[in-house]
Trainee: 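Mind looking over this structure? Questions follow.
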Amino acid sequence: MTRRSRIVLAALAATAAATLALTSCASTEGAPATESTGAVVEGGALTFAVANDPISLNPSGTGSGNDTLYVTRQLVDSLLYQNPETGELDPWLAESYTVNDDATVFTFVLRDDVAFSDGTPLTADDVKGTFDDIIAAGALSQAVSAFVGYSETVAVDEHTVEVRFSSPNAAFPNSTASVGLGIVGAATRAVPFDQRADGAALVGTGPFTLESYTKDVETVLVKRDDYAWAPAALGNDGAAHLDSVTFQIVPEPGVRTGSLTSGQVDVIGGVQPLDVDTIEASSLDVISRANPGILFGLNFNQARPVVADIRVREAISAAVNAEEVRDTALNDLFAVGTSALASTTPGASDESEYFEFDPERAAELLDEAGWTEGSDGIREKDGERLSLTIAWITNFGPNQTSLELIQQQLKAVGIEIELVGGVVPEFLERQKSGDFDIAWHNGSRADGDILRTSFSTAATNYLKIDDPELEALLQKQLATADPVARAEVLAEAQERIASQYYQIPVHELTSILGAQTTVHGITFGADSRLDSLVAAWKAE
């Protein structure tokens with residue numbers, strides 16, 4: 001067995017163990033759910049404060065990140081359910097699925113007892129219609145990246161559907177468990193994609209329906225009495241226990257925490273690291289789970305000549321003290337990054353040998369690249385200042401603190417940084433236009449294929465990477481059905497990304513909620529986003 005094989009197998013084992021540990025209890029040690037103790041109480045209204053307006057209630061559209069998905073997860077169901085305890089794909093709308101030998105044809109057998117919120121039955125035509133709708137939307141849909149190599153979806157009969165690809169797509173079953181691929185009814189698909197943001201046209205099969213949406217104020221959901229097809233792992237095979245759920249928009253994290261400790265709300269999302277102690281001191285529940293996927297780091301736009309030089313990228317890596325950033329902006333619930341993939345992602349590998357903090361090495365590399373120190377300490381080359389722009393998203397409070405510290409660390413070696421923040425749509429538009437040197441962001445998904453959607457030249461390619469070796473690895477993992485063999489390929493891809501400094505990992509994301517002790521059954525999914533609230537309830 002090669003060293004790389006041992007690393008991969010150890011990572012897989014550690015991921016499985018960590019996942020199981022994360023689901024064992026309700027505490028600040030990474031637990032994903034409040035404990036369900038005592039007799040379940042039927043009825044009641046749950047008030048859940050989040051930081052951001054959802055922007056779009058179209059499940060496959062582009063919203064404001066996690067806060068959008070917290071809401072839309074309650075309105076639509078998926079073909080499969082990724083069990084957060086095991087990482088396995090369990091039945092949901094599909095009672096079973098099969099994959100052909102080369103991972104190009106996926107056959108799903110649907111339940112025959114599912115109905116949309118408008119009363120129409122779920123059929124194979126709805127799966128076909130949903131997937132074709134995403135393809136037709138193209139870049140308007142945040143889910144289109146799951147369909148690389150897509151050929152067609154065929155309704156074989158009323159409850160059997162085949163999804164066909166022209167090239168292998170081993171990650172597709174995992175993708176079907178995401179909110180973005182949640183199945184929507186014909187009434188939704190009849191409305192133009194770009195006119196669905198307010199949710200008025202949304203017809204799903206989820207346990208709740210939309211009662212009202214007031215932009216920047218609240219989104220109110222009410223339960224469906226006829227819901228009866230939740231995944232077994234959620235622990236409730238009938239209608240939701242709660243009568244309603246209201247997602248209130250409370251942008252300021254301190255105000256959210258104050259609303260929780262004063263009893264004004266039942267649950268809050270986006271708990272800031274500094275507020276964890278306050279919530280615990282109030283004898284309230286802290287619920288946390290480490291996010292899989294792409295961690296927070298510095299991603300370089302290869303179309304920009306300055307950072308196209310690997311010596312500059314490596315110098316920036318050597319100048320960034322990731323542990324100091326974590327300890328200053330966050331707390332020990334957050335892990336320091338060691339690879340492009342967070343350590344809880346199946347197939348993650350440890351590439352920390354490439355990212356040692358060494359400011360003297362950073363200075364040497366910049367000297368080699370021809371950047372000499374100017375009169376004000378900022379380096380110059382051919383009359384140009386070493387001044388770079390970092391684009392970032394404002395939807396996670398500690399981002400600003402992290403980046404301001406990185407700004408100071410880079411200034412210490414002669415690199416000037418301008419920070420340009422914005423909400424998700426603004427950030428995505430800046431990425432699309434290429435108006436940035438470095439992008440700071442993350443992406444949560446419990447599958448290593450998220451590397452492809454971030455770094456492949458055949459995907460969005462915002463980073464303008466031209467690396468045939470990396471591209472071959474990203475496509476190979478997509479064509480590899482065996483999990484261990486696929487993890488080996490993913491490890492090679494991570495090593496390539498690390499050795500070329502296409503991304504500098506800084507810290508992983510941990511999702512943190514705060515809840516009243518009277519609230520039970522609040523659960524994180526495998527992607528560390530709020531799971532279905534079908535089993536949540538409130539004690540009287």
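In this chain, residues are counted from 1 in sequence order.
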Trainee: Any side-chain donor-acceptor pair under 3.5 Å between D531 and Y70?
Mentor: no
Trainee: Heavy-atom count around E368 CD within 6.0 Å, excluding the residue itself: above 12?
Mentor: yes
Trainee: Under 3.5 Å, is there a donor-acceptor pair linking the side chains of D467 and Y502?
Mentor: yes
Trainee: Do we see a donor-acceptor contact under 3.5 Å between the side chains of S528 and R289?
Mentor: yes
Trainee: State, without any angle test, whether Q302 and R313 hold a side-chain donor-acceptor pair at a distance under 3.5 Å.
Mentor: yes
Trainee: Decide whether S64 and N52 meet the rule of one side-chain donor and one side-chain acceptor closer than 3.5 Å.
Mentor: no
Trainee: For residues 54-62, dump all side-chain donor-acceptor pairs below 3.5 Å to protein atoms at least two apart in sequence or in another chain.
Mentor:
unit_1, atom_1, unit_2, atom_2, d
S56, OG, N58, N, 3.2

Trainee: Near E323 CD, under 6.0 Å, is it more than 12 heavy atoms from other residues, nucleotides or ligands?
Mentor: no
Trainee: Looking just at side-chain N and O atoms, do Q248 and T47 make a donor-acceptor pair shorter than 3.5 Å?
Mentor: no
Trainee: Nearest heavy-atom pair of S387 and D437: which atoms, and what distance?
Mentor: O-OD2, 4.3 Å
Trainee: When you check the side-chain N and O atoms of S339 and Q494, is any donor under 3.5 Å from an acceptor?
Mentor: yes
Trainee: Under 3.5 Å, is there a donor-acceptor pair between the E324 and Q409 side chains?
Mentor: yes
Trainee: Assess, by modelled atom type and distance only, whether the side chains of R73 and T68 contain a donor and an acceptor separated by less than 3.5 Å.
Mentor: no
Trainee: Compute whether any side-chain donor of one residue and acceptor of the other, for D275 and T257, lie under 3.5 angstrom apart.
Mentor: yes
Trainee: Does the side chain of Q516 come within less than 4.5 Å of L260's, by heavy atoms?
Mentor: yes
Trainee: What residue among Q407, Q400, Q408 forms side-chain hydrogen bond (donor to acceptor under 3.5 Å, both in side chains) with E404?
Mentor: Q400
Trainee: Is there a donor-acceptor pair closer than 3.5 Å between any side-chain N or O of R430 and the backbone N or O of F436?
Mentor: no
Trainee: Considering only heavy atoms from C-beta outward, does the side chain of Q500 approach that of Y354 to under 4.5 Å?
Mentor: no
Trainee: For the pair H520 and W537, name the ring-plane relationship: parallel under 30°, tilted 30 to 60°, perpendicular over 60°.
Mentor: parallel
Trainee: Are the side chain of S282 and the backbone N or O of L284 linked by a donor-acceptor pair below 3.5 Å?
Mentor: no
Trainee: Less than 4.5 Å apart, side chain to side chain, heavy atoms only: is that true for V320 and L410?
Mentor: yes
Trainee: Testing the 3.5 Å rule here: is there a donor-acceptor pair between the side chains of S433 and D435?
Mentor: no
Trainee: Keeping the roles fixed (side chain from T453, backbone from S145), state whether a donor-acceptor pair exists under 3.5 Å.
Mentor: no
Trainee: Can you confirm whether L533 sits close enough to F208 that some side-chain heavy atom of one is under 4.5 Å from a side-chain heavy atom of the other?
Mentor: yes
Trainee: Using the ring of each side chain (for Trp, its six-membered ring), is F296 parallel, tilted or perpendicular to W440, with breaks at 30° and 60°?
Mentor: parallel
Trainee: Under the criterion side-chain contact (heavy atoms from CB on, under 4.5 Å), I'd like the reasoning laid out for I316 against F300: C-alpha separation, chi angles, the key distance, then a yes or no.
Mentor: CA-CA 11 Å; I316 291 173; F300 295 96; 3.7 Å; yes
Trainee: Taking atom types as modelled and ignoring hydrogens, do the side chains of E508 and S343 form a donor-acceptor contact shorter than 3.5 angstrom?
Mentor: yes
Trainee: Tell me whether K411 at atom NZ has more than 12 heavy atoms from other residues, nucleotides or ligands lying less than 6.0 Å away.
Mentor: no
Trainee: Mind checking salt bridge (charged side-chain N to carboxylate O under 4.0 Å, His left out) for R452 and listing every partner two or more places apart, or none if nothing turns up?
Mentor: D449
Trainee: Above 12 or not: heavy atoms from other molecules or residues under 6.0 Å from NZ of K432?
Mentor: no
Trainee: Are a donor atom and an acceptor atom from the side chains of T389 and R304 found within less than 3.5 Å of each other?
Mentor: no
Trainee: Counting distance only, does the side-chain N/O of T345 pair as donor-acceptor with the main-chain N or O of A342 below 3.5 Å?
Mentor: yes
Trainee: Does V413 offer a backbone N or O that forms a donor-acceptor pair with the side chain of R379 under 3.5 Å?
Mentor: yes
Trainee: Checking side-chain contact (heavy atoms from CB on, under 4.5 Å) against V286, which of V271, I279, T278 comes through?
Mentor: I279
